[in-house]
S.K.: 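Attaching a single structure in structure tokens format; questions to follow.
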Amino acid sequence: MDGFKDFWNHYKGAIIGIIIAVLILITRLQDLIIAVVVIVLGAIIGNYVQQNKEDVKTKLKSFIDKM
């Protein structure tokens with residue numbers, strides 16, 4: 001029994017992570033998680049562009065000129 005306690009204490013984070021990952025895959029929550037991440041990234045990028053319009057314009061222009 002002592003070996004099991006040592007094993008659990010050493011690997012409990014990995015075991016819990018595996019269980020959560022399996023539950024996400026079984027319930028197909030990964031689609032929802034990816035959608036939420038894309039929405040949050042879009043909001044962050046949109047806010048950055050709105051706050052730094054001139055900087056974004058110059059970077060975009062220099063990128064287009066390089067092409």
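Any value given below was found using the heavy atoms of this structure, including those in side chains, with hydrogens, waters and symmetry copies removed. Residue numbers run from 1 in the order of the sequence given.
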S.K.: When you group the ILVMFWY residues by side-chain heavy-atom contacts below 4.5 Å and let the links chain together, are I39 and I45 in the same group?
M.R.: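 Cluster IDs for I45 and I39 differ.
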S.K.: Going only through I, L, V, M, F, W and Y residues with side-chain contacts under 4.5 Å, is there a path from V38 to L41?
M.R.: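 No, it is not one cluster - the side chains of V38 and L41 are not joined through contacts under 4.5 Å.
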S.K.: Taking the six-membered ring for Trp, are F7 and Y11 parallel (under 30°), tilted (30 to 60°) or perpendicular (over 60°)?
M.R.: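 Correct class here is tilted.
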S.K.: Pairs in or reaching into residues 1-22: which pass salt bridge (charged side-chain N to carboxylate O under 4.0 Å, His left out), with residues at least two apart or in two chains?
M.R.: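 Residue pairs with at least one partner in residues 1-22: there are none.
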S.K.: Quick check for you: to the nearest 0.5 Å, what is the distance between T27 atom OG1 and L32 atom CG?
M.R.: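 It is 9.5 Å, given to the nearest 0.5 Å.
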S.K.: Calculate, to the nearest 0.5 Å, the distance between atoms CG and CG belonging to N52 and N47 respectively.
M.R.: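 With rounding to 0.5 Å, CG (N52) is 9.0 Å from CG (N47).
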S.K.: Which one of V22, I20, I26 satisfies the side chain to side chain contact (heavy atoms under 4.5 Å, CB included) criterion with I24?
M.R.: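 The residue from V22, I20, I26 that satisfies side chain to side chain contact (heavy atoms under 4.5 Å, CB included) with I24 turns out to be I20.
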S.K.: Could you go through residues 56-67 and list every donor-acceptor pair under 3.5 Å that involves a side-chain atom there, pairing it with any protein atom two or more places apart or in another chain?
M.R.:
residue : atom : partner : partner atom : Å
T58     : OG1  : E54     : O            : 3.4
T58     : OG1  : D55     : O            : 2.8
S62     : OG   : T58     : O            : 3.3
S62     : OG   : K59     : O            : 2.9

S.K.: Quick check: is L23 connected to I15 through a chain of hydrophobic side chains (ILVMFWY, heavy atoms under 4.5 Å apart)?
M.R.: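 Yes, same cluster.
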S.K.: Mind jotting down which residue pairs meet the side-chain hydrogen bond (donor to acceptor under 3.5 Å, both in side chains) criterion with at least one end in residues 33-46? Sequence neighbours excluded, please.
M.R.: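 Pairs touching residues 33-46 that pass the test: none.
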